[in-house]
Amino acid sequence: MDYNVNEKGYYGEFGGAYVPEILQRNVMELQNNYLQIMAAPEFQKELDELLRQYAGRPTPLYFAKRLSEEVGAKIYLKREDLCHTGAHKINNALGQILVARKMGKTRIVAETGAGQHGVATATVCALMNMQCVVYMGETDVKRQFLNVQRMKMLGAEVVPVTSGNKTLKDATNEAIRDWINNAETTHYIIGSAIGPHPYPDMVTQLQAIVSEEIAYQLTAQTGKEYPDYVVACVGGGSNAAGAFYHFLDDKRV
């Protein structure tokens with residue numbers, strides 16, 4: 001498996017951008033701009049400052065003494081829950097909104113399931129004074145009431161989706177329809193390492209800060225740059241992508 005994406009968006013034999021023709025323009029615009037924008041020194045400087053001063057990075061790497069004693073191994077917890085908004089989602093949302101602004105976009109759409117990505121997106125849109133529309137399955141709107149209220153308090157429009165199963169997949173479909181119809185002004189912030197190229201690569205790069213911090217924090221605490229094992233939960237993949245990115249080329253992990 002090749003963990004480095006090529007210019008066509010493939011990780012070895014997997015990847016690429018399989019999208020309807022009507023969506024091709026949006027995706028190509030992003031493909032042609034994201035790497036240059038993210039590599040620019042002024043982008044890196046602004047993102048780094050926002051991550052430190054606004055999101056609260058670096059997050060602690062905490063030695064869980066009692067858990068370690070219970071399982072017979074040294075367990076360290078990367079405390080992404082201490083980020084502003086309560087999850088790692090803010091790392092990606094901040095980076096993507098900066099990319100969107102550099103591309104001249106003034107409006108943001110997003111999908112959300114449990115609500116963490118929606119809250120993060122609404123938060124960065126409030127910070128940047130940009131219009132925000134979050135699509136959320138009607139079923140999820142009912143069971144994630146508190147996150148819906150947080151998004152609304154931050155100024156986002158939360159659109160309940162009533163098609164299909166009324167959950168995340170259907171919310172994603174509606175967000176894409178919106179993006180197609182408003183391509184000139186709108187950027188779609190995907191919160192997971194999924195979708196057409198360049199989203200998996202862009203989200204992974206923006207979440208890589210997690211494993212980069214783990215490397216130097218672990219070195220400071222133990223003298224080891226690499227852990228023996230990395231354990232991460234997986235939903236849409238952004239958490240695992242961030243946790244593993246720095247260690248992928250090392251066969252010891």
Side-chain angles (χ1 to χ4, degrees), residues 26 29-30 34 37 43 46-57 59 80-163 166-192 195 199 202-203 206-207 209 235-236 238:
N26 305 47
E29 182 184 19
L30 195 54
Y34 87 106
I37 291 172
F43 176 92
E46 186 172 9
L47 178 58
D48 180 66
E49 184 174 337
L50 285 169
L51 288 172
R52 287 187 294 107
Q53 302 294 337
Y54 188 72
R57 306 208 70 88
T59 57
E80 290 299 288
D81 57 304
L82 297 179
C83 277
H84 183 35
T85 72
H88 67 290
K89 296 291 188 178
I90 192 74
N91 306 324
N92 170 64
L94 282 169
Q96 281 204 51
I97 203 167
L98 292 181
V99 170
R101 195 174 64 178
K102 292 290 185 182
M103 292 172 59
K105 307 303 181 183
T106 59
R107 179 175 178 271
I108 299 296
V109 296
E111 88 295 333
T112 196
Q116 288 284 10
H117 174 57
V119 169
T121 301
T123 299
V124 298
C125 285
L127 175 68
M128 300 291 181
N129 194 28
M130 292 179 74
Q131 182 183 357
C132 180
V133 180
V134 179
Y135 290 90
M136 192 173 191
E138 187 179 57
T139 300
D140 293 326
V141 168
K142 292 176 181 178
R143 62 189 178 191
Q144 300 292 346
F145 176 78
L146 292 179
N147 278 336
V148 172
Q149 293 304 108
R150 290 177 72 189
M151 287 182 269
K152 289 182 177 180
M153 284 190 292
L154 287 159
E157 177 187 356
V158 180
V159 180
V161 176
T162 58
S163 60
K166 306 177 184 179
T167 54
L168 181 60
K169 173 181 175 294
D170 311 293
T172 300
N173 290 340
E174 291 302 319
I176 290 174
R177 289 191 184 98
D178 186 314
W179 190 27
I180 291 170
N181 291 322
N182 299 281
E184 291 293 332
T185 61
T186 300
H187 173 70
Y188 177 19
I189 296 185
I190 294 181
S192 301
Y199 279 106
M202 182 164 55
V203 173
L206 293 171
Q207 292 294 1
I209 187 68
S238 64

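Everything quoted here is computed from the prediction, not taken from an experiment.
In this structure, CD1 on Ile108 lies 8.0 Å from OG1 on Thr121, to the nearest 0.5 angstrom. Thr59 contributes atom OG1, which lies 8.5 Å from atom CG of Asp81 (distance to the nearest 0.5 angstrom). With rounding to the nearest 0.5 Å, the separation of OH in Tyr54 from OG1 in Thr123 is 5.5 Å. We find the OG1-CE distance between Thr185 and Met130 to be 9.0 Å, quoted to the nearest 0.5 Å. In this structure, OG on Ser238 lies 11.5 Å from CD1 on Ile190, to the nearest 0.5 angstrom. Note that NZ of Lys102 is 14.5 Å distant from NE2 of His187, once rounded to the nearest 0.5 Å.
When all heavy atoms of Gly113 and Gln144 are compared, the closest pair comes out as O-CG, 4.0 Å. When all heavy atoms of Cys132 and Ala122 are compared, the closest pair comes out as SG-CA, 3.9 Å. Here the closest non-hydrogen pair linking His117 and Thr112 is N-OG1, 3.8 Å. Considering all non-hydrogen atoms of both residues, Ile37 and Phe43 come closest at O-CB, 3.1 Å. When all heavy atoms of Ser163 and Asp170 are compared, the pair lying nearest together is O-CG, 3.3 Å. The heavy-atom pair separating Arg107 from Val133 by the smallest distance is NH2-CG2, 3.7 Å.
Counting heavy atoms from C-beta outward, Leu30 and Met202 have side chains that approach closer than 4.5 Å. Looking at Val203 and Gln96, their side chains come closer than 4.5 Å, going by heavy atoms from C-beta outward. Residues Leu98 and Leu94 form no side-chain contact, since every pair of their non-hydrogen atoms from C-beta on lies 4.5 Å or further apart. Contact check for Leu127 versus His84: no side-chain heavy atoms found under the 4.5 Å cut-off. Side chains of Asn173 and Tyr135 form no contact here, defined as non-hydrogen atoms less than 4.5 Å apart. Between Arg57 and Glu80, the closest side-chain pair of non-hydrogen atoms falls below 4.5 Å. Here the side chains of Val148 and Met136 are in contact, with some heavy-atom distance below 4.5 Å.
For the side chain to side chain donor-acceptor pair (under 3.5 Å) test with Arg143, the passing option among Thr139, Asp140, Asn147 is Asp140; the others fail.
The number of heavy-atom neighbours closer than 6.0 Å to CG of Asn181, taken from other residues, nucleotides and ligands shown, is above 12.
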Check against side chain to side chain donor-acceptor pair (under 3.5 Å), Glu111 and Tyr188: CA-CA 9 Å; Glu111 88 295 333; Tyr188 177 19; 2.8 Å; yes
Working for side chain to side chain donor-acceptor pair (under 3.5 Å), residues Asn91 and Gln207: CA-CA 6 Å; Asn91 306 324; Gln207 292 294 1; 2.9 Å; yes
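Side-chain atoms of Lys105 come within 3.5 Å of backbone N or O of Ala183 as a donor-acceptor pair. Judged by distance alone, with hydrogens and angles left aside, the side-chain atoms of Lys152 form no donor-acceptor pair with the main-chain N or O of Val158 at under 3.5 Å. The closest donor-acceptor contact from the side chain of Asn26 to the backbone of Trp179 lies under 3.5 Å. Put simply, the side chain of Asn92 never gets that close to the backbone of Lys89: no donor and acceptor are under 3.5 Å apart.
Side-chain N/O atoms of Thr162 and Glu138 include no donor and acceptor closer than 3.5 Å.
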